[in-house]
Each structure stands twice: as C-alpha cells, then as structure tokens.
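One-based numbering along the sequence shown. Small disclaimer: the values here were computed from a predicted structure and weren't measured.
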Amino acid sequence: MLRTSLAAGLRGLRRRPRLVLLIYGMDLALALVLALPLFALLEDTVGESGFGEELAAGFDVVLWADVIEKIGPALGALVAQLLWMIPLYLVWKTAARVGLVHALRGDHVRPFWQGVGRYTGRGVLLALLFLLPLLGLLVAVGMLIAVLAVVFSGEVGAFWLLFVLAPTLLLSGLAILDLMHDFARAALVVEDLPVRKAVRVGLRFPLRHGTASHLYILWFLPALVLLALPALLEMSLPAATGLGIWFLFAVQQVVLLARAAVTVGWIGSEVALYEAVWMREAPLIATAAIEAPETAPGPAYGRTPA
C-alpha cells in the first residue's frame, strides 16, 4: 500500500502541474506581503546610514544594537501589520491544503478552488481544534524537562536537556500532530465529515495504520532538504557579491517551486492512502451493520462510499 500511495501522489503531480504553479505563485505572493513591511522598516532605519552592505555581509552586534535603538515607532507599525498578515497567511495555508485534498482525491479531476470554497471554513476550525493537543504537547514537554532538570543538574545536563532532548521531543511531537492533522483534513474532505468527527479520525488513523507514518517520513525527507538548501547555499556563497545574491535568488525560486511540487505529491499520496483504507474497510463496516444493526459501532471513518 505504501508503494501504491507514493505512485498515486506522483501520478497526481504529473496530472496537475498547474497546481504546483498555483501553490508556488500564491506562496511567493504571500511571502512578499510578509517581507515587504520588514524590508521597508530596515530601509527607513538604516537606508541613509550607508550600512546596507554591512548588513548584507554578516551579523554585527554593535550595528544591530544601533538599529534596535532607532527602530522605535516603526517597529510598532510593523507589528500592527503582521497582526493581520500572519493570520491571512495561515488561512491561505489551510485553504490550500483542503483545496489540494479535494482536487487530488479519486480518479476524477476536481476544481481546486471548489474545494477551497467548500471546506476552508471547516478546515480553519479543524486547525483551531488541533491547537489543543499542541498545547498539551508543549505543557508535557515543559513539565518533563523541568523534572529532569532537577535530576540532571549542571552545565552538561542543562545542555543535553535544553538543546538536545527538548528540541527532539518538540519536533517529534509536532511531526506526529502534523501527520494526524493531514489525515483529519482527508477525512473532512473525502468523507465530508463534521469537524469533531474528522478530528477523531485524524488522531486515530496513524495509530491504526503504520503506513501513514512511513509515507510521511518518505515525503518529509525531501521537504527537509529543500527547506535547508537555501541556507546552506547562502553560507557557501561569497558575501555581498552581486552575482552571489542573484544566483541565490534564482536558486531560492527553484527551491520554492520544488517545495510546491513536494506539497502536491505529498498530499496526493496521503489522500490515496486514506481512500484505499476507507474503501478496503467499507465492506467490513457494512457487513457488521447488517448483522447487528442495533449494536454495531458506527463506521470507522464516517460514511461508507456511495
């Protein structure tokens, strides 16, 4: 089933290349919306000082201290702008995911924007409900680190707890919640389930089907490489050279396009896996309901397929 799901994701990627361009274009536009106020803030603060090249060349504590001292009211204006820009970005991410699930499910070509219009509202509510387990994860990791800090005191113990164990636990927990959230979105769109039921399905699905975790890891690895690649290239290029800056910009665009392609293939694979499990278990659920209609539990993943 793992190989079939991967193949389905790649097949959906080949069938819908415009989805890749759409995700890339929207992500780039929203990145500009977030970056332009910050650029304007830095330009107003240091543009007349002649520090442009020094800022681009590297980190300087004294210079950045002067920047922070001068930043004053401009920083307040930036924060006010980000208060509406960041929620807009997060809503788009939710809309894009449910739109992709709708567009990539089944063998028929479905409109991306139809999925966005139909499921974005419930998708946002679904994301808000997943804040509860996220909060629980943060509290649990914080309490565990606090308890272990009493046992493993000293500089060495603090280093391993704060810079090794805590990040590892947080990243692992976030990955698990992200995986559950993905399949909750699949349940929401594929079966058109209510939000609370989709949350329950998403929380159970990776625990019942190990293939979901394997599929997540296989797509996570190239996504991680693409996430780190621009930073690695930036460190390897000569500082503040015109050719290096433009080359880095071009590479970043290629990387962003590749990340959009990975996103489309990733979601297509997860949707294919969810649909395969749903179709495989639907006859068993229907048989149990016929044999014991009064006592049989409800469908494991909502309604049986029509």
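Residue Leu135 shares its hydrophobic cluster (ILVMFWY side chains chained together at separations under 4.5 Å) with Val139, Met143. Annotation for Val254: hydrophobic cluster partners, listed by chain and number, are none (ILVMFWY side-chain heavy atoms under 4.5 Å, direct or chained).
Inter-residue side-chain proximity for Leu148 and Leu144 is flagged as met; some heavy-atom pair is nearer than 4.5 Å. In this structure, the side chains of Leu218 and Leu2 come closer than 4.5 Å at one or more pairs of heavy atoms. Leu203 has its side chain within reach of Val199: a pair of non-hydrogen atoms, C-beta onward, lies under 4.5 Å apart. Two residues are said to be in side-chain contact when any heavy atoms from C-beta on lie closer than 4.5 Å; Leu227 and Val255 fail this criterion. Counting only heavy atoms from C-beta outward, the side chains of Pro17 and Leu21 never approach each other to under 4.5 Å. Contact annotation: the side chain of Phe130 approaches that of Met180 to within less than 4.5 Å [non-hydrogen atoms, C-beta and beyond]. Using a 4.5 Å heavy-atom cutoff, the side chains of Leu273 and Trp278 are not in contact. Between Ile23 and Leu100 the shortest side-chain heavy-atom distance falls below 4.5 Å.
Taking CZ of Arg259 as the start and CG of Leu256 as the end, the distance is 6.0 Å to the nearest 0.5 Å. Rounding to the nearest 0.5 Å places CH2 of Trp160 at 9.5 Å from OG1 of Thr168. With values rounded to the nearest 0.5 angstrom, Leu134 atom CG is found 11.5 Å from Leu128 atom CG. Summarising the geometry, atom CG belonging to Leu104 is positioned 6.0 Å from atom CG belonging to Leu19; distances are rounded to the nearest 0.5 Å. One finds the CG atom of Leu193 at 8.5 Å from the CZ atom of Arg122 (value rounded to the nearest 0.5 Å). A distance of 11.0 Å separates CG of Leu171 from CD1 of Ile176, quoted to the nearest 0.5 Å.
Shown here for Ala261 and Leu13, the closest heavy-atom pair between the two residues is O-CD1, 3.5 Å. Closest approach of Pro167 to Leu161, counting heavy atoms only: CD-O, 4.4 Å. Annotation for Ala272 and Ala8: closest pair CB-CB, 3.4 Å, computed over non-hydrogen atoms. The minimum heavy-atom distance linking Val98 with Ala95 is given by the pair CG2-O, 3.3 Å. Nearest heavy-atom pair, Leu126 versus Ala198, reported as atom, atom and distance to 0.1 Å: CD1-CB, 4.2 Å. Closest heavy-atom contact between Gly117 and Thr120: N-OG1, 4.5 Å.
Follow the hydrophobic side-chain contacts under 4.5 Å out from Trp219 and you never reach Val225; the two are in separate clusters. In terms of hydrophobic clustering, with Ile, Leu, Val, Met, Phe, Trp and Tyr side chains grouped at heavy-atom distances under 4.5 Å, Val264 and Leu224 are assigned to a common cluster. Clustering ILVMFWY residues whenever any of their side-chain heavy atoms sit less than 4.5 angstrom apart, transitively, puts Phe163 in the very cluster that holds Leu170. Taking hydrophobic clusters as Ile, Leu, Val, Met, Phe, Trp and Tyr residues chained together by side-chain heavy-atom distances below 4.5 Å, Leu132 does not share a cluster with Leu138. No single ILVMFWY cluster, assembled from side-chain heavy atoms under 4.5 Å apart, contains both Val150 and Phe159.
Residue Trp113 qualifies as enclosed at atom CH2: its count of foreign heavy atoms under 6.0 Å is above 12. Atom CZ of Arg15 has more than 12 neighbouring heavy atoms from other residues, nucleotides or ligands inside a 6.0 Å radius.
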**Request:** Give the intermediate values and the outcome of salt bridge (charged side-chain N to carboxylate O under 4.0 Å, His left out) for residues Asp192 and Lys197.
**Result:** CA-CA 10 Å; Asp192 203 17; Lys197 194 166 186 177; over 6 Å; no

**Message:** Run Thr263 and Val20 through side chain to side chain contact (heavy atoms under 4.5 Å, CB included) and show every step you take.
**Reply:** CA-CA 8 Å; Thr263 298; Val20 177; over 6 Å; no

**Message:** Could you go through Met1 and Arg280, starting from their C-alpha distance and side-chain angles, then the distance that decides it, and tell me whether this counts as side chain to side chain contact (heavy atoms under 4.5 Å, CB included)?
**Reply:** CA-CA 11 Å; Met1 190 175 291; Arg280 185 186 65 188; 3.2 Å; yes

**Message:** Working note: Leu179 + Phe205, criterion side chain to side chain contact (heavy atoms under 4.5 Å, CB included); need CA distance, chi angles, decisive distance, verdict.
**Reply:** CA-CA 9 Å; Leu179 172 62; Phe205 194 93; over 6 Å; no

**Message:** Evaluate Leu165 against Leu169 for side chain to side chain contact (heavy atoms under 4.5 Å, CB included), listing each step before the verdict.
**Reply:** CA-CA 6 Å; Leu165 182 61; Leu169 291 176; 3.9 Å; yes

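Checked by atom type and distance alone, the side chain of Arg16 pairs as donor or acceptor with a backbone atom of Ala103 at under 3.5 Å. Proximity of a side-chain donor or acceptor of Arg110 to a complementary backbone N or O of Arg105 within less than 3.5 Å is detected. The main-chain N or O of Ser5 is found under 3.5 Å from a side-chain atom of Ser269 such that the two form a donor-acceptor pair.
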Check residues 24-33 and write down every donor-acceptor pair under 3.5 Å in which the side-chain atom is one partner and the other belongs to a residue at least two apart or another chain.
{"unit_1": "Tyr24", "atom_1": "OH", "unit_2": "Gln253", "atom_2": "OE1", "d": "3.0"}
{"unit_1": "Asp27", "atom_1": "OD1", "unit_2": "Trp92", "atom_2": "NE1", "d": "3.1"}
{"unit_1": "Asp27", "atom_1": "OD1", "unit_2": "Lys93", "atom_2": "NZ", "d": "3.3"}
{"unit_1": "Asp27", "atom_1": "OD2", "unit_2": "Lys93", "atom_2": "NZ", "d": "3.4"}

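Relative orientation of the Phe220 and Tyr216 rings is parallel, given thresholds of 30° and 60° on the angle between their planes. Relative orientation of the Tyr119 and His102 rings is tilted, given thresholds of 30° and 60° on the angle between their planes.
Evaluated for a side chain to side chain contact (heavy atoms under 4.5 Å, CB included) with Tyr274, the options Val101, Asp182, Val189, Val201 yield exactly one hit, Val201.
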